[in-house]
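Report on one structure; see the data block that follows.
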Amino acid sequence: MPPAASTDPAAGEHALQLATAVMLVEVMRADPSFHAGEREAVLAGLRDKFALSDDEAQRLTELAEDAAKRSTDLFSFTSRINERFEMPQKLRMIEHMWRVAYADGHLSAHERHVLWRVADLLHVPQGAYVNARIRAEKEAGIG
């Protein structure tokens with residue numbers, strides 16, 4: 001579970017970063033075969049989204065992997081994201097998630113399901129979800 005909401009802005013920002021990192025990690029975990037490119041896509045997404053250093057992104061990814069393993073649902077994380085992100089920020093995150101999914105050159109059914117589920121929990125319109133996928137496919141040289 002992400003830390004409880006707090007009046008401390010730094011704690012709130014950390015909780016948001018962790019929730020976002022868990023979403024990226026969930027896509028990486030959805031593929032049964034590990035590919036180093038997926039981890040790099042997670043790190044790149046976190047550096048881009050939150051302007052983190054390499055060390056900060058690495059540590060946040062480790063925390064997110066631990067949180068994802070202990071979590072029983074995605075709602076606790078997506079609700080935090082819904083509280084703080086506007087739709088353009090959510091779409092950017094979904095695009096980063098697609099990049100993680102395509103980092104190994106293919107999309108598994110489990111990755112597709114995780115992405116669909118997260119987009120649904122974030123109230124991302126279907127058309128925007130598809131456009132984010134298309135942009136990530138083009139970037140990966142797949143589309």
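Worth knowing before you read on, the calculation uses all heavy atoms, side chains too, and leaves out hydrogens, waters and symmetry mates.
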Could R70 and D66 be called an ion pair, given the rule that one side-chain N must be under 4.0 Å from one carboxylate O? yes

Using the side-chain contact (heavy atoms from CB on, under 4.5 Å) rule, take T20 and F77 through it: C-alpha gap first, then chi angles, then the decisive distance, then the call. CA-CA 7 Å; T20 303; F77 300 104; over 6 Å; no

Pair H113-W116, side-chain contact (heavy atoms from CB on, under 4.5 Å): steps then yes or no: CA-CA 5 Å; H113 177 76; W116 170 81; 4.1 Å; yes

Could you tell me whether the side chain of S79 and the main chain of F75 form a donor-acceptor pair under 3.5 Å? yes

Taking atom types as modelled and ignoring hydrogens, do the side chains of S33 and D31 form a donor-acceptor contact shorter than 3.5 angstrom? yes

Validate the cation-pi geometry between K90 and Y129: distance from NZ or CZ to the six-membered ring centre under 6.0 Å, angle to the ring axis within 45°. no

Rounded distance [0.5 Å steps], CZ in F85 versus CE in M93: 7.0 Å

Closest non-hydrogen atom pair, N82 against L121: ND2-O, 2.9 Å

State plainly whether one hydrophobic cluster holds both L43 and L52, where clusters connect Ile, Leu, Val, Met, Phe, Trp and Tyr through side-chain heavy atoms under 4.5 angstrom apart. no

What's the shortest heavy-atom distance between R99 and A136, and which atoms? N-CB, 4.0 Å

Candidate list E26, M28, E38, test side chain to side chain contact (heavy atoms under 4.5 Å, CB included), partner E111, passing option: E38

Do V25 and M97 pass the side-chain contact (heavy atoms from CB on, under 4.5 Å) test, and can you show the C-alpha distance, the side-chain angles, and the key distance before you say yes or no? CA-CA 9 Å; V25 164; M97 291 175 70; over 6 Å; no

For a quick test of reading the model, state the closest non-hydrogen atom pair linking L122 to M87 and the distance between them. O-CE, 4.3 Å

Could you grab the distance from atom CG of D104 to atom CZ of R39, nearest 0.5 Å is fine? 14.0 Å

By side-chain contact (heavy atoms from CB on, under 4.5 Å), which residues pair with A132, not counting sequence neighbours? I94, E95, W98, R135

May I ask you to decide if L24's main-chain N or O and R29's side chain share a donor-acceptor pair within less than 3.5 Å? no

Can you tell whether the side chains of K69 and E65 come within less than 4.0 Å, N to carboxylate O? no

Please find the pair of heavy atoms, one from V22 and one from A68, that lie closest to each other, and give the distance. CG1-CB, 4.2 Å

Are D48 and H96 close enough that a side-chain donor and a side-chain acceptor fall under 3.5 Å? yes

Rounded to the nearest 0.5 Å, the OG1 atom of T78 sits from the NE2 atom of H123 at a distance of 7.5 Å

Does a side-chain N-to-carboxylate-O contact under 4.0 Å join E56 and R59? no

Separation between CZ (R47) and OG1 (T61), nearest 0.5 Å, reads 9.0 Å

If you look at every heavy atom in A101 and L115, which pair is closest and at what distance? CB-CD1, 3.9 Å

Could you grab the distance from atom CZ of R117 to atom CE of M23, nearest 0.5 Å is fine? 10.0 Å

Would you name the heavy atoms of Q89 and K49 that are closest together and state the gap between them? O-NZ, 2.8 Å

